[in-house]
Amino acid sequence: MSKYHFNEIEAKWQEYWAKNQTFKAENLSDKPKYYVLDMFPYPSGAGLHVGHPLGYIASDVYARFKRHQGFNVLHPMGYDSFGLPAEQYAIQTGQHPAETTKVNIEGGVDKNGNEIEGYRKQLDRIGFSFDWSREVRTSNPEYYKWTQWIFLQLFDSWYDKDLDKARSIEELRIIFSSEGNVKINAVCDEGIERFIASEWIDFSETKKQEILLKYRLTYLAETEVNWCPQLGTVLANDEIVNGVSERGGYPVVRKKMKQWSMRITAYAQRLLDGLNEIDWPQPLKDSQTNWIGRSKGATVKFKVLPPTPTQAEAKLWGELRGKKLGYKFRQQHPIDNYIVDFVCLEKKLIIEVDGEVHQYQLEKDDERELLLKEKKGYKVIRFNNLDVLNNLQTVISKIEAILQVLPSGEDLGWDFPKDELDEKFSIEVFTTRPDTIFGVSFMVLAPEHDLVSKITTAEQKEAVENYVEATAKRSERERMADVKTISGVFTGAYAEHPFSGEKLPIWIGDYVLAGYGTGAVMSVPCGDQRDHDFAKHFNIPIPNIFKDVDISEEAYSGKENITITNSDFLNDLTYQQATEKITTALEEKGIGEGKINYRLRDAVFSRQRYWGEPFPIYYKDGMPHAIPTEYLPLRLPEVEKYLPTETGEPPLGRATKWHWDTKKCSVVSNQFADQENVFPLELNTMPGWAGSSWYFFRYMESEKRDEVFASKEALDYWQNVDLYIGGSEHATGHLLYSRFWVKFMHDRGLVPVEEPFKKLINQGMILGESAFAYKLVGLNANYPNFIHNTNIFVSKTLRNHIVHNKEWKNDDFLNIVKGNLKSRLIGQSIIDKIVGFTIIPLHVDVSLVDIHNELNIKTFRNSREEYKNAIFISENGIVIDNNNEKYIVGREVEKMSKSKYNVVNPDDICEQYGADTLRLYEMFLGPLEQAKPWNTAGITGVHGFLKKLWKLYHSGENESFYMSDTPPSGAGGLKTLHKTIKKVQEDIEEFSFNTSVSSFMIAVNELSAEKCNAREVLEPLAILISPYAPHIAEELWNKLGHSESVSTAPFPKFEEKYLVESSKEYPISFNGKMRFTLELPLDLSKDEIESAVMAHEKTAEYLEGRTPKKVIIVPGKIVNIVG
RNA sequence: GCUCGAGUGGCGGAAUUGGUAGACGCGCUGGAUUCAAAAUCCAGUGUUUUAGGACGUGCGGGUUCGAUUCCCGCCUCGAGUACCA
């Protein structure tokens, strides 16, 4: 009389597991280790829906299977508990995010005032074999202490390219004091000044810090960032989807800000190489490969030619040259970063001649003038073109007068050495096709390029500045949406082709990105479509350097089968040969070299938010300094509001106690700030990926969590994650950053491994099946956009008729509609204007719909006030007022979400069918990696299976437990068992969980048919099923007389002998078409099979008197008769 | 546009060193049981048909005795990416 009371059974075993710590992993064990990890969740207030646990169930099945196989399994769980939603909520209500986060995890009263259970209870109910003793929460100070600690390790490191690893800053200081930075080959900021040892020693500490910062693996720099004004923070590239923020969908603009960055680019190559070592899905590897974006090519430097003088300039030069005024003047001479029109170095006098000048240009000129005056001590005088052309004499007199007054100095010639000048006024480009260098007909700079303002000629100044300004204003999204418009402006300047000496016009255009390569390109219109488009649009010549290729319509970008021509010393070479030769030539000339370029950018690490890890950094003389690690964690301060300050500082700017006292080594009140011992702390916090980049190591440690992030013993034993399951949305975020941190930690000897996750599986999303009720609206003949709302809902079939414009000739229906409209809002005159109907589909809560897609009208009416008097028209076009007619909803597969009312809660499923049913059904739905719709109706199948399984063990009187100890009669039961063992083991090893659920069903169907009750069969079966349905397995195992948990019982061993068959049901085909089957012994030879088949009466029948041309026999498989 | 993945009954899906297409489950149909319902059990269920068969794994070709599986060309859907020089 014992039925399958799943609720009792499940509660009982969940309690047993918790009490006995059944799944606690040991750090000291003789067993081989196995580490199964799920991507940990952000504990949102919305709780779990059935899509969330899919991956956890899969990993749990695997973890349990591994325990049966004798492994010491680490299968932990925790929470990525810093993050935006809690903070957004805090901003709205003032509740501390720590509080709401805790409620979301542990339960309590949630933000809407409802009692909620929390994540943990929901997870527990599904029967996972997690070792909860190792739980982590990234927002706990005990945890983020170590996130801060790792940050400081990065701060204390630089990347040595020669050794190809990270080293400590201390070692860098030693190198600087012994040999300066001349020989250092490091990944660092661009344009670092050169110094020798003695200079280094003489630098002030602040200066030293400034220099070191340019080498640190995490550094502070003014960078162009993605600023999201609505969220009030910067976002990383991977946090932006389609030009808007991933969370919230707010617009993002480019902005220059001082930010912490991570020098992930140092690891670009190793991150790429490491992909070969790990067993990850190919699409995921591909997206990392694309994100890193390695391309091989060369750099080339193009010299910028001095501008040709304007008419006015030429005229004035005529009067100044050759010491005509008694002093030596120079034309178009570089001073500091600028080229001035004329200069007398001896008198430090600069003369500028301008065209028509605009207001904004004046401001820029003022800036430039100020710089030249203040920094270099020059006097600047200005004339406009008209002055020079019309009143030359007055101009000369003015100049002479000033020359008289100015003191004389020494003409030291060039303001700075010639090669440095070339350096400053040359354009460096990166190209993947150096072989096409003779096809260059122009250059294009990104509008943001530094050189733009320096080289633009007076005539082009206005156009260029307008363009630059317009580009800066365009949001990222606009720029992305509009890639077809070709735009650009000529700067008026020219570059010199390094080999042909040709003059190449220099343009600016927004198709050249400031952030990639050098922000400048050599344009080869015959070989690059974008250059081709640009050249065509602006009528720039398109020289052809490919032999016998037509480039009049489009560029030829192929590399194969080309012969270079019109290219001087590269003529008649292939791509391969030409690339090699030109690279050598560039290197010999000293104007370029072969180079590998990466698309990957350094990762911005600052967020202007409250709910994240504080940086353990204070500022002294504007330089960041680390808080000594022994004083970590640096705890988040209390603030009265979670918004940015009125002056635009991040929320931490509101903290009143947020200064670091270097004497007391503690956080003190801001009022003690003295710039001597007490300094302000960093106001930014770390991004979401900080805590998740190393948490897998934290789980390894159980005992010494206060002393270390993870002990050496633990790290050595557990190594890395053997199996990691999670969503593919983390491809270029978490999964890339984690790999970066692990490689770094490995370099610094902190962890023994180079890759965090050996095998990774992406689980597919579980989609919801939304239900729709169809609301009827009338269309007005006079106003096409005006619709007459009704409160009438039509059933699915009726809706299809209306939508597909099929006339629905049913008077009742029309009368109902018109009658309703009349009574509700409008008069007859308007009804007459209604020319047709259309439908608005409304999401209805899936819980109001039964498995036959029938809407529960009563509940629906009560669900909202506005539906109270709704009229429903049935499938047959009749108003529903009794139970005879049905209202059928429409169904559509969509993402599962609250707003679509299609969320299915796992708690409800557990309540109604049990956790084992939920687990089995989630696995049964389809392949783990694939997206698939959830359909609650189908769950009865697996639930019925569990009932059937239960019954198999309860064949005694009144359905009592019964087991026979006598061996099974006949081989049937054992054959079924071993077939199932083989299949299930193979399936689990291949992560094909859906098919093993099928084989369980087949097994139970077969055993039930046989009325099998043999212990020899049913005992192993209980173990077999325990990874999938652990509660029922424990219960049966217990009833079978075991006092220990089934969880470590050895997995049944497959034995071939039970599967050996003596005969085979051969399919007999004629010309490839199967006609009948014939059972034959398996030990027959080919000839014997043939004669047996040919002798069969049906064979003759199908041959219809023909003689077979050929008989194909594959023993054990098939017979095919041709002819 | 580029990269990757996928197209099989009414639905979720199974089967690939090429060998009986549609396992298993849902749904549907009929039956048993029941006063009735639920639950349970039994049978049937790709399409079509003149009941022998014919057709059938997105479409069109090809290789083969035999193709869902291999090759070539297309179509559709989904995911990622966005001027990367």
Side-chain angles (χ1 to χ4, degrees), chain A residues 241-243 281-287 289-291 293-295 297 429-433 436 444 446 476 479-484 486 509-513 515-524 527-531 533-534 557 597-601 728-729 731-732 762 764-765 769 851-853 891 893 920-921 924-927 929-945 947-948 951 992 994-1003 1005 1065-1077 1108-1114 1116-1123:
Chain A
V241 180
N242 296 328
Q282 198 55 42
L284 207 147
K285 287 191 187 182
D286 289 346
S287 69
T289 307
N290 291 338
W291 194 261
R294 181 185 200 267
S295 49
V429 301
F430 172 75
T431 174
T432 53
R433 293 294 300 275
T436 64
V444 184
E476 193 73 354
R479 232 168 129 167
M480 268 167 53
D482 173 33
V483 293
K484 283 181 200 92
I486 298 162
D510 69 359
Y511 83 95
V512 176
L513 306 175
Y516 182 74
T518 59
V521 299
M522 59 175 223
S523 293
V524 183
D528 183 291
Q529 194 53 46
R530 291 155 305 170
D531 296 345
D533 295 342
F534 195 87
S557 56
N597 211 26
Y598 299 93
R599 198 185 76 122
L600 185 72
R601 308 284 85 196
S728 56
E729 67 272 19
T732 50
N762 288 132
M765 202 189 302
E769 266 205 317
I851 60 166
H852 308 288
N853 294 332
R891 289 282 196 173
V893 172
L920 275 169
Y921 190 54
F924 184 66
L925 276 178
E929 295 93 329
Q930 250 172 52
K932 57 234 160 211
W934 176 270
N935 174 13
T936 303
I939 206 167
T940 53
V942 287
H943 187 64
F945 154 73
K947 286 201 243 178
K948 222 165 160 180
K951 247 169 118 175
S992 172
N994 54 326
T995 50
S996 40
V997 179
S998 297
S999 20
F1000 284 132
M1001 290 174 170
I1002 295 167
N1005 287 347
E1065 184 97 354
Y1066 277 96
I1068 312 298
S1069 339
F1070 292 79
N1071 297 321
K1073 291 188 171 69
M1074 206 280 287
R1075 296 301 177 185
F1076 63 93
T1077 58
K1109 285 189 196 131
K1110 205 171 169 186
V1111 179
I1112 284 134
I1113 291 160
V1114 184
K1117 290 236 158 141
I1118 198 172
V1119 177
N1120 191 14
I1121 298 163
V1122 187

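FYI, side chains are in, hydrogens and waters are out, and symmetry mates aren't considered; it's all heavy atoms of this structure.
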Q: Determine: side-chain N/O of A:K1110 to OP1/OP2 of B:C65, distance under 4.0 Å, yes or no.
A: yes
Q.
Only pairs with both distances under 3.5 Å count, Watson-Crick or wobble alike; so what is the partner of B:A79 in this structure?
A. B:U3
Q) Glycosidic conformation of B:G58, syn or anti, with 90° from 0 as the boundary? A) anti
Q | Rounded distance (nearest 0.5 Å) linking atom CG of A:L284 with atom OG1 of A:T732 | A | 9.0 Å
Q: Indicate yes or no for a side-chain donor-acceptor contact from A:Y1066 to the backbone of A:G1116 under 3.5 Å, with no hydrogens or angles considered.
A: yes
Q: Mind checking A:N1120 for me? I need base, sugar-phosphate or nothing, with any heavy atom below 4.0 Å counting as a touch.
A: base
**Q.** Between B:U20 and B:G10 - C1' atom distance, rounded Å
**A.** 25 Å
Q.
Output the rounded distance in Å from CZ (A:F1070) to C1' (B:U20).
A. 14 Å
Q) Would you say A:N994 and A:P927 make side-chain contact, with heavy atoms under 4.5 Å? A) yes
Q | Candidate nucleotides B:U40, B:C4, B:U20, ranked by approach to the side chain of A:K951 - the nearest | A | B:U40
**Q.** First of A:T1077 and A:S287 reached from the 5' end of RNA chain B, by closest nucleotide
**A.** A:T1077
Q. Quick one: ring-ring contact (aromatic ring centres under 6.0 Å, His included) partners of A:Y516, sequence neighbours excluded?
A. none
Q | Whole angstrom value for the distance that separates C1' of B:G5 from NZ of A:K932 | A | 14 Å
Q) To the nearest angstrom, how far is A:F1076 atom CZ from B:U20 atom C1'? A) 13 Å
Q: For B:A32, give its Watson-Crick or G-U wobble partner with both distances under 3.5 Å, or none.
A: B:U40
(Q) Against A:I1113, only a single residue in A:V1119, A:N1120, A:I1121 fulfils side chain to side chain contact (heavy atoms under 4.5 Å, CB included); can you say which? (A) A:V1119
Q | Residues forming a ring-ring contact (aromatic ring centres under 6.0 Å, His included) with A:Y921, sequence neighbours excluded | A | A:W934
Q.
Taking only the C1' atom of each, what is the distance from B:G12 to B:G22 in whole angstrom?
A. 13 Å
Q. A:L925 has a side chain; which of B:G80, B:A85, B:G12 sits nearest to it?
A. B:G12
Q: Could you tell me the separation between the CZ atom of A:R294 and the P atom of B:C84, rounded to a whole number of Å?
A: 18 Å
Q. Under the side-chain contact (heavy atoms from CB on, under 4.5 Å) criterion, do A:M522 and A:D531 qualify, and how do the steps go?
A. CA-CA 9 Å; A:M522 59 175 223; A:D531 296 345; over 6 Å; no
Q: Select base, sugar-phosphate, or nothing to describe what A:V1122 touches, counting heavy atoms under 4.0 Å on all strands.
A: sugar-phosphate
Q.
Under 4.0 Å, heavy atoms only, any strand: does A:I1112 hit a base, just the sugar-phosphate, or nothing?
A. base
**Q.** Residue list, side chain to side chain donor-acceptor pair (under 3.5 Å) with A:Q930, at least two apart or on another chain
**A.** none
Q | Separation between the P atoms of B:A23 and B:G9, rounded to whole Å | A | 13 Å
Q: Using atom CD1 of A:I1121 as one end and atom C1' of B:C65 as the other, report the distance to the nearest whole Å.
A: 11 Å
Q: Could you tell me whether A:E1065 contacts a base, only the sugar-phosphate backbone, or nothing, with contacts defined as non-hydrogen atoms closer than 4.0 Å?
A: base
Q. Distance check: side-chain N/O of A:Q930 vs OP1/OP2 of B:G13, anything under 4.0 Å?
A. yes
Q. In chain order, what residues pass the ring-ring contact (aromatic ring centres under 6.0 Å, His included) check against A:F924, with sequence neighbours excluded?
A. none
Q) Once you round it to whole Å, what is the distance between C1' of B:A85 and OH of A:Y516? A) 7 Å
Q: First locate atom OG of A:S998, then atom CG of A:N1005, and finally report the distance between them rounded to the nearest 0.5 Å.
A: 10.5 Å
(Q) With a cut-off of less than 4.0 Å, is there a side-chain N or O of A:T432 near OP1 or OP2 of B:C84? (A) no
**Q.** Protein-nucleotide distance (A:W291, atom CH2; B:C84, atom C1'), rounded to Å
**A.** 12 Å
(Q) In whole Å, I'd like the distance from the CD atom of A:Q282 to the C1' atom of B:G80. (A) 14 Å
Q: May I ask you to say what A:A731 touches in the nucleic acid, namely base, sugar-phosphate or nothing, with a heavy-atom cut-off under 4.0 Å?
A: nothing
Polar atoms only, N or O, under 3.5 Å: list the protein pairs with nucleotides 21-27 of chain B and their distances.
from: B:A23; atom 1: N1; to: A:S998; atom 2: OG; distance (Å): 3.4
from: B:G25; atom 1: OP1; to: A:N1005; atom 2: ND2; distance (Å): 3.2

**Q.** Flag side-chain contact, heavy atom, 4.5 Å: A:M1001 against A:V942
**A.** yes
Q: Mark yes or no for whether A:R530, through its side chain, and A:Y511, through its backbone, hold a donor-acceptor pair below 3.5 Å.
A: no
Q. Does A:R530 have a side-chain nitrogen or oxygen under 4.0 Å from the phosphate oxygens OP1 or OP2 of B:C84?
A. yes
Q | Separation between the C1' atoms of B:U57 and B:U47, rounded to whole Å | A | 13 Å
(Q) Please name the nucleotide paired to B:G46 by Watson-Crick or G-U wobble geometry with both distances under 3.5 Å, or report none. (A) B:C55
(Q) Does the structure show a Watson-Crick or G-U wobble partner for B:C65, both distances under 3.5 Å? Name it, or say none. (A) B:G19
Q | Complement of B:G9, any strand, by Watson-Crick or G-U distances under 3.5 angstrom | A | none
Q) A:K1109 near the nucleic acid: base, sugar-phosphate alone, or nothing, with a heavy-atom cut-off under 4.0 Å? A) nothing
Close N or O pairs between protein and nucleotides 54-58 of chain B (under 3.5 Å):
from: B:A54; atom 1: OP2; to: A:R1075; atom 2: NH1; distance (Å): 3.1

